[in-house]
Amino acid sequence: MGTRRIDINTAGVDELATLLGVGRARAEAIVEKRENIEGFRSVDDLTTVPGLGRSVVDANRYKLICGNFIVQVEPATPGSSSYRHHGIPSTTSLNLRNSNSFASLNSSNSSGSKRRESRRSTTDGKEPSSSSSSSSSSNVGHQSPRSSRSSAQVSPAAGSSSSCETKQSKRKCDGSLSSPGKKTCRALDLHHSLHHSLSVASCSSTHTFGAIRGNTHISSSDIIPRRRLSSRILPPANLNEWLKTFQNWGPAEKRVALDELIDRCEPTQVRHVMSVIEPQFQRDFISLLPRELALYVLSFLEPRDLLRAAQTCHYWRILCEDNLLWKEKCREAGIDEVNGKQTRRRSHSGVPRSPWKSMYIRQHHIEYNWRFGEIRPHKVLKGHDDHVITCLQFNGQRIVSGSDDNTLKVWSATTGKCLRTLVGHTGGVWSSQMSNNIIISGSTDRTLKVWNADTGQCIHTLYGHTSTVRCMHLNANKVVSGSRDATLRVWDIDSGQCLHVLMGHVAAVRCVQYDGRRVVSGAYDYTVKVWNPETEECLHTLQGHTNRVYSLQFDGTHIVSGSLDTSIRVWDAETGELKHTLMGHQSLTSGMELKDNVLVSGNADSTVKIWDITTGQCLQTLQGPNKHQSAVTCLQFNKKFVVTSSDDGTVKLWDLHTGEFIRNLVTLDSGGSGGVVWRVRKNQTKLVCAVGSRNGTEETKLLVLDFDIEVNSKVC
C-alpha cells in the first residue's frame, strides 16, 4: 500500500533492474528504448521492449507509473501547419503532467470564492498581477486511456519576455514533478489557427472537468479547446468570449447553463457528449483491488460471466483462472472431484489453466450433450439370445448383465466386447451386486455366488437359502440376501461364511437395503422390518401397507417403502414412526430412488413423481403429452436429470427441477408392439439399457449410449 512507485520515464538502470523478472540487461534495454522513442507514453509501452513480455509488465504494474513526457514545440506562426516534437526538455514545451495530486482538489474548494472574485476582477478590466500578465499559454486536450484526443498546457512561446516567477508557476512549468500513478498522455497536433485563436489571461489555479480529466491545473481564465474538437474544424469566432463568460459563473449558474445547452442539442450531439464524458467515470476497480478482494468480488459471478470477464484483459484472465475460485463453482454445481490426471497446463495466452475450470467446462459440455447433443450411434451388446435380462450393474468401466438363461456376462463399457461369461448357476439369475472386481449373484437355484470379474472364476458358492434368492444388497465385504423362503442372510464375501440369519417375515422377502449398521427388508407380508444384523434382532416392524411391498429405499435416517396398495410410506429409521404417506400413484410402485431427501418414484400407472420426503410434498409429476404409454420399469436420476424406461419401448429424459420432458433417448421400433426396456443404468457420461421383448418382436440386447465430449474436442 505504501510502496514507492517507479517512474519508467525517469528511473535509471539500477532502479529498473529491481523489478520482478527484469534484471540489468532488460533494464538497459528499457532505457535504450525510452531514448529511442523519446519517452514512454504509458506503462503498456514496456511490452515493445525486446525481451520484456506482457506477463512481466503485468506482474510489476502495481509498482509502475509513467511520468512526464516533455515535447518540444516550435513557436506557432500564422503560416505553420503543425508542431514539431523533439522530446527534449525546453522552455518552450508541452507539459503533459500535473505536479499536484487529486488531494489538492479538496483544498481548492475552500478557496473557490476567492478564485471567483479574482476571475470577476480580471473580466472587469482590472490589471492582472505581474506574474500572470507576463505569461500566456494555450491548452489542448490530453490523451486519456479511452480516447485518442489530447489536451496539454503550453508554456510561453518564443518571443515572450519573461516566464512565470512565482513558486506556484515554477511548479507548473517544471516537467520533473508529476502525480504518481497517473497515465501519460500523448500530444495531439492541432491546426495553427486553433493555437493562434486561444489565449490565457491568468495563472491563478482552478479546476475544471477538463483539468480533472487530464489531471492538469488550468488557470481560471484559460480557454480549454476540448480534445473532442477535430483539428480540421475551426472553432466559432466568439468561442473565446463565450467560454470566459461560462468560467466566471458560479456552480449553480453553470448547471443551469448546461441544462439549457443540452436541451438545445440534437440527439447526435448529446450522444457525442455522453461518449466523451462517460468513459471518464469508468474505472477498472477489479485491477485496483488486492487480489484476495478481487477474487471475492468475482466469486459472486456465475460461471458463464466469469468466462466472459476473462476476455476483458490479461490481468482479469489471470484472476478468472484462479483454481480455488473454480473449485467453489464446481462445488456449487455438484462436481465433487477433479480428474486426477489433469494438471495446470498453460493456455495460448500463457496463463495456467485451472483444472477445476476445465472440469466445470467439461461437465457443462456433457450436460449439453445429454440435453441437446446429437445422439451418436450406440453400441449394441448381444449375448443372452432371446432370454430376459433380469438384473443389470454398471460401474463406469464394466457392465454386468444377469439373465434367466442361468448366466451373467461381463462387458467392456468402452469397446462393447463381452469379456467374460460367468457360468455356474443351475437356475435363472434374478439379483446381482458389483463392487470393483467382485460380482455377487443370486439365483432360482437357491444359491449366491461370488465371482472374480477379471478372471471369471467363481470364488465362493453360498448355500443356505431354501428358495429363490430374489434380492440382495452389498456393503463393504458383507452382503445381505433376501429370499422367497422369508429369511434374510448376512454373508462374508471374503470367507464365504453365513454370519447371521434374520427370521421374522412370514412371506417372501422382495427387497432389502443395508447401510453397514442396519438391515431394512420389505416383504409380501405387507410389512417392513428394521434389523440389527449383529444381534439378529428385529428392531421395528413397520405396519401400514395393505398389500405387498415391492420397493425400498434407506438413507440411514429415512425408510421409504412402495407397495402394490398404490401408496408410498416414509418412516423414521430410528423410532419406526410413520412420517408421511405419499399418495398420488394409481398402481404398483415398481421402482424408486432416494438422494438428498429427494425421492423419485416410477409406477405401473405410467407416471413418475418427484417428492420431498421431509415435507411429504409432491414436487413434480412427469406426465403430459410425452409421458410413457405403459408401465415404468426402471429409473435413475442425478442433480439435473431423471432417466426413465418403460414397457412402451422408450427411454425418456426429464428435467429434475421443472419436471419438463426433454427428449427421448431410446425409441425401439417395436415399441408398443412388444418391445420393452427392462433396466437402465447410468453414470455421468454413459447410459446402459437392457432391452428385449416377451413375444419375440425385439431381440434381447444391451444398448450403450455415450454423451461424453469428443476425444478431439478442446476444453478451455
Side-chain angles (χ1 to χ4, degrees), residues 1-9 11 16 18-22 40-47 52-67 97-98 100-106 143-147 178-185 209 212-215 277-333 344 346-347 349-358 360-361 716:
M1 304 293 287
T3 305
R4 187 177 68 85
R5 308 179 83 180
I6 297 174
D7 189 336
I8 61 175
N9 270 333
L16 292 171
T18 63
L19 294 173
L20 182 64
V22 174
F40 296 112
R41 270 67 172 181
S42 71
V43 172
D44 288 329
D45 285 354
L46 288 176
T47 58
L52 207 64
R54 169 70 64 179
S55 59
V56 175
V57 175
D58 286 340
N60 293 284
R61 187 180 295 276
Y62 72 96
K63 63 173 72 171
L64 296 176
I65 61 171
C66 186
R97 304 295 293 177
N98 162 32
N100 295 337
S101 67
F102 276 102
S104 63
L105 294 178
N106 298 328
Q143 176 172 349
S144 75
R146 301 182 184 271
S147 175
S178 63
S179 297
K182 307 301 181 221
K183 290 192 175 181
T184 314
C185 311
F209 180 76
I212 295 173
R213 185 177 59 193
N215 195 21
I277 294 177
E278 190 175 36
Q280 309 307 320
F281 295 97
Q282 297 172 351
R283 292 292 180 267
D284 179 6
F285 68 94
I286 290 293
S287 298
L288 299 176
L289 290 173
R291 181 184 176 88
E292 293 78 7
L293 289 180
L295 289 173
Y296 179 71
V297 172
L298 292 175
S299 69
F300 289 93
L301 294 181
E302 294 295 322
R304 183 183 298 272
D305 297 325
L306 276 177
L307 295 176
R308 290 172 178 163
Q311 302 175 48
T312 304
C313 65
H314 186 75
Y315 183 63
W316 281 40
R317 177 64 184 265
I318 294 173
L319 290 175
C320 292
E321 286 286 349
D322 184 79
N323 205 37
L324 292 179
L325 179 63
W326 280 102
K327 182 177 181 180
E328 179 63 20
K329 295 302 174 187
C330 286
R331 187 194 64 78
E332 294 171 1
R344 286 185 69 89
R346 289 188 175 271
S347 64
S349 62
V351 179
R353 290 175 178 169
S354 163
W356 283 101
K357 175 186 173 183
S358 298
Y360 185 95
I361 294 176
C716 298

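Because only heavy atoms are used, hydrogens play no part in the values below, and waters and symmetry mates are left out as well, while side chains stay in.
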Undergrad: Kindly give the heavy-atom pair with the smallest separation between L319 and L295, and that separation in Å.
TA: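 It is O-CD2, 3.5 Å.
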Undergrad: Looking at every heavy atom in both Y315 and S287, which two are closest together, and how far apart are they?
TA: CD2-OG, 3.5 Å
Undergrad: Going by side chain to side chain donor-acceptor pair (under 3.5 Å), name the residues that satisfy it together with E328, two or more places apart in sequence or in a different chain.
TA: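 Once residues adjacent in sequence are excluded, the partners of E328 under the side chain to side chain donor-acceptor pair (under 3.5 Å) criterion are R331.
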Undergrad: Minimum heavy-atom separation for C330 to W356, with atom names?
TA: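 That would be SG-O, 3.2 Å.
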Undergrad: Could you check whether any side-chain heavy atom of L46 comes within less than 4.5 Å of a side-chain heavy atom of N60, counting everything from C-beta outward?
TA: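 No; the side chains remain at least 4.5 Å from each other.
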Undergrad: If every non-hydrogen atom of L306 is compared with every non-hydrogen atom of L298, which pair is closest and at what distance?
TA: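 So the two residues come closest at CD2-O, 3.7 Å.
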Undergrad: Supply the atom-to-atom distance S358 OG to N323 CG, rounded to the nearest 0.5 angstrom.
TA: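 It is 9.0 Å, given to the nearest 0.5 Å.
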Undergrad: Any heavy-atom pair between the side chains of W326 and P303 that's under 4.5 Å?
TA: yes
Undergrad: Looking at CG of D305 and CG of L307, how far apart are the two atoms once the value is rounded to the nearest 0.5 Å?
TA: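 D305 atom CG to L307 atom CG measures 8.5 Å (nearest 0.5 Å).
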Undergrad: As a quick check of understanding, evaluate salt bridge (charged side-chain N to carboxylate O under 4.0 Å, His left out) for D322 and K329, giving each step before the final call.
TA: CA-CA 11 Å; D322 184 79; K329 295 302 174 187; over 6 Å; no
Undergrad: Grab the two heavy atoms, one from C66 and one from D7, that are nearest each other, plus how far apart they are.
TA: C-OD1, 3.8 Å
Undergrad: Once you round to the nearest 0.5 Å, how far does NZ of K63 lie from CG of L20?
TA: 6.5 Å
Undergrad: Please give me the minimum heavy-atom distance between R5 and Y62, naming the atom from each residue.
TA: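 Closest heavy-atom pair between R5 and Y62: NE-O, 3.3 Å.
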Undergrad: Between atom NE2 of H314 and atom OG1 of T47, what is the distance when rounded to the nearest 0.5 Å?
TA: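 So the gap between those two atoms works out to 11.5 Å.
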Undergrad: Would you compute the distance between atom OG1 of T312 and atom CD1 of I286 and round it to the nearest 0.5 angstrom?
TA: 9.5 Å
Undergrad: Decide side-chain contact (heavy atoms from CB on, under 4.5 Å) for W316 and D284; before the verdict, give the C-alpha distance in whole Å, the side-chain angles of both, and the deciding distance to 0.1 Å.
TA: CA-CA 10 Å; W316 281 40; D284 179 6; 3.0 Å; yes
Undergrad: Atom CG of N9 and atom CG of L64: how far apart are they, to the nearest 0.5 Å?
TA: 11.0 Å
